[in-house]
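Comments concern the structure below.
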Amino acid sequence: MKKMPLLSVVLCTVLLMSGCGGGNNAVVQSTTEPGKEPAATETSVATTPAEGTTVKPVTFSYYSNYDWDTTEPWGDDSTTRWIIDTLKVNITPVQSSGAAETKFSTMIASGSLPDVIMMDRGANVERLRQAGLLVSFDEYLDKYPNLKKNAGEATLNMLRSDDGKLYQFPNWYTSSPNGNGGWLVNRKIYKELNSPKLETFDDLYAYLKLVKEKYPDVVPLEVGAKGKGIDTMYGGFAENKPYLSKANPVGNALESIFKDPVFIENMLFASKLFREKLISQDVFTQTSDQITEKLNTGRVAVFVDGDVANPGRGANSALRAADPEAGYDIIWPIHKAGLNAEKITPNNYNSLGWNVLVITKQAEDPEAIFSYLDWATGDDGQRILNFGRQGLYWDETDADGVPIQNERGLTTPQSEKDKEKIGRFNWVGNTTFIDKTKAKMDAQLPEDKQNWTTLAQTKVAWKTSRNFTEFVNLDPLPDSEEGTIATTVNDIYLEVYAKALYAKSDEEVRQLLKKADEDAERAGYAKLLKFQTERWQNNLSKME
């Protein structure tokens, strides 16, 4: 790779990362010998990209800046083999080897950044940009229009840096609601208790008491690891209420979460349920695996969490395998009596999606890389990356561009499909296209073979999700004055959250929250809220 010693020194200074000059040397791991393409597979077919698609042939290095992520070899599966054969695009993975921060620091210090980096939005992107190491995408947006068309101007504006330019290619961005949070009920227990009305928190309280009486070995209400389901409950105490964790939007300003009437009411209710042993008593010590085991064995009557759609599928399948009448059903979010059920939103989503890809100035042909990413995020690319190349599990599409599954697609077990690694290389996910396509493809299957998670999402979760985009990127840099305050306030929040749950009375809950507010104010909470309010209002102006 080309060396950039001067810029490396500048960037090391700006990043202030520990170990910037140390660690292992960056090693680019190629899946093929130089100048040699991988051998063709039996499943390769000579199809061409969609009419009008322009992808420039290119080979580039790719690095995912996460400890947990290992990039699969490029060309070993039929999807990327098709991309090599048809688009003439090859990718060389650079692995983090479980030490992303060290690896990233080493590449910076040695001036050997990869061509493309997948990373979180925020501070590190901006610091790379300020050091002059990133390529702006603005000159490519009209020439390669998929990103601009699918993400939209408002989303792209939110991703622009302070210089007004766009350096970030979003992954799993969306123009439609999504989310996996909400409420599940144990189908068999609910039926055996005569299926009582379960709509309001009053209904829930009565039902949980009945469960505790009739099923002593069952957890009446499971609230997830670290009690995160209590955050999901918050959305049921007000209409269209976003949960910001450490702040409460009131008018045009963010105010103390500890004074938020909705937060107080939610904590009072949760504490009451905990005192009466209607919630898991090991809420802060149990692991995700332990929760999964309880769900899979039917020892949970009601489950609320930020993600019920995914664990619910496994639990439903496990229970139905032994008893066709057993399983879990997603229900409309439980809410406070008197509120409009159609305006209860326990799920939040933002149009920016998950993380981003950046192209560094190490790249010899950044336009060619962008042309591939733009193809990948368009309809043609998303079909192939998420559902396999044409001729594998589908041969044609319907009028909406949805793949029509062929016999192989309808009959191949999922365990066999997983060997194709379909979806593993979708680094610029277009959530709206995928979600809608996935739902329509699922509808092609017999009802007993339809995906439980997809049904839960389309029937309830996505319909009860609120656009959260205006509240992204509110956090200050960790080493700033506001960042130090944010750390302190977060510690105060976590402490009072646990203490309030264990409180012996409603009055004790109120006193704990009052003291937490006072402690946060002494720590500089007002300064932090002012900073976050300005960021929020800036977001709103960008979205306009």
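Among all heavy-atom pairs drawn from P476 and S480, the shortest one is CB-OG, 3.7 Å.
At a threshold of 4.0 Å, the pair K336-E265 counts as salt-bridged, since one of the basic side-chain nitrogens sits closer than that to a carboxylate oxygen. For the pair E72 and R424, the salt-bridge criterion is met [side-chain N within less than 4.0 Å of a carboxylate O]. A salt bridge does not link K272 to E276: none of the charged nitrogens lies less than 4.0 Å from a carboxylate oxygen. In summary, D217 and K294 do not engage in a salt bridge, as defined by a charged side-chain N under 4.0 Å from a carboxylate O. A salt bridge links K440 with D400: the closest approach of a Lys/Arg side-chain nitrogen to an acidic carboxylate oxygen falls below 4.0 angstrom. A salt bridge is absent between E507 and R510; no separation between the charged side-chain nitrogens and carboxylate oxygens falls under 4.0 Å. Taking the charged nitrogens against the carboxylate oxygens, D519 and R522 do have a contact shorter than 4.0 Å, which makes a salt bridge. The pair D379-K436 fails the salt-bridge criterion, with no side-chain N (NZ, NE, NH1 or NH2) lying under 4.0 Å from an Asp/Glu carboxylate O.
Put simply, the side chain of N171 reaches to within 4.5 Å of the side chain of M118, judged on heavy atoms. Proximity of M158 to S351: side-chain heavy atoms (C-beta onward) are nowhere separated by under 4.5 Å.
Aromatic ring centres of Y243 and Y234: separated by under 6.0 Å. With ring centers used as reference points, Y173 lies 6.0 Å or more from W354. Between W536 and F471, the ring centre distance stays below 6.0 Å. In this structure, Y493 has its ring center under 6.0 Å from that of Y497. Aromatic rings of F274 and Y502 (six-membered ring for Trp) have centroids within the 6.0 Å cut-off, being under it. Residues F269 and F201 place their aromatic rings such that the two centres sit under 6.0 Å apart.
In this structure, the side chain of S271 does not engage the main chain of M267 through any donor-acceptor pair within 3.5 Å. The main-chain N or O of M441 is found under 3.5 Å from a side-chain atom of Q405 such that the two form a donor-acceptor pair. A donor-acceptor contact shorter than 3.5 Å is absent between the side chain of D442 and the backbone of A439. Between the side chain of E534 and the backbone N or O of F531, no donor-acceptor pair lies under 3.5 Å. Between the side chain of Q444 and the backbone N or O of P403 there is at least one donor-acceptor pair closer than 3.5 Å. A donor-acceptor pair is defined here as one N or O able to donate and one able to accept, closer than 3.5 Å; no such pair exists between the side chain of T232 and the backbone of G182. No side-chain donor-acceptor contact under 3.5 Å links D282 to the backbone of T285. The main-chain N or O of S176 is found under 3.5 Å from a side-chain atom of T174 such that the two form a donor-acceptor pair.
Tested against D305 for a side chain to side chain contact (heavy atoms under 4.5 Å, CB included), the candidates M233, E222, K228 yield a single pass: K228.
Residues T345 and T464 bring no donor and acceptor atom of their side chains to less than 3.5 Å of each other. Residues E126 and Y167 bring no donor and acceptor atom of their side chains to less than 3.5 Å of each other. Side chains of N180 and Q457: a donor-acceptor N/O pair is present below 3.5 angstrom, by distance only. Side chains of D120 and N355: a donor-acceptor N/O pair is absent below 3.5 angstrom, by distance only. With hydrogens and angles left out, the side-chain atoms of T377 and Q382 include no donor and acceptor closer than 3.5 Å. The closest side-chain donor-acceptor pair between R535 and N538, if any, does not fall under 3.5 angstrom.
Seen from the ring of Y63, K103 does not count as a face-on cation partner, given the 6.0 Å and 45° thresholds. Figure legend: K241 and F263 shown without cation-pi pairing, the cationic atom not lying both under 6.0 angstrom from the six-membered ring centre and within 45 degrees of its axis.
When the shell of 6.0 Å around NZ of K197 is examined, it contains more than 12 heavy atoms from other residues, nucleotides or ligands. The environment of K499 atom NZ is sparse: at most 12 non-hydrogen atoms of other residues, nucleotides or ligands sit within 6.0 angstrom.
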N186 and Y190: CA distance, side-chain angles, deciding distance, side chain to side chain contact (heavy atoms under 4.5 Å, CB included) verdict: CA-CA 6 Å; N186 185 308; Y190 186 63; 6.0 Å; no

Residue pair L357, I117: steps toward the side chain to side chain contact (heavy atoms under 4.5 Å, CB included) verdict: CA-CA 6 Å; L357 268 67; I117 305 173; over 6 Å; no

Derivation of the side chain to side chain contact (heavy atoms under 4.5 Å, CB included) call for K514 and E518: CA-CA 6 Å; K514 180 180 178 183; E518 294 168 351; 3.5 Å; yes

CA sep, side-chain torsions, deciding dist, call: T469, L352, side chain to side chain contact (heavy atoms under 4.5 Å, CB included): CA-CA 7 Å; T469 307; L352 277 62; 3.6 Å; yes

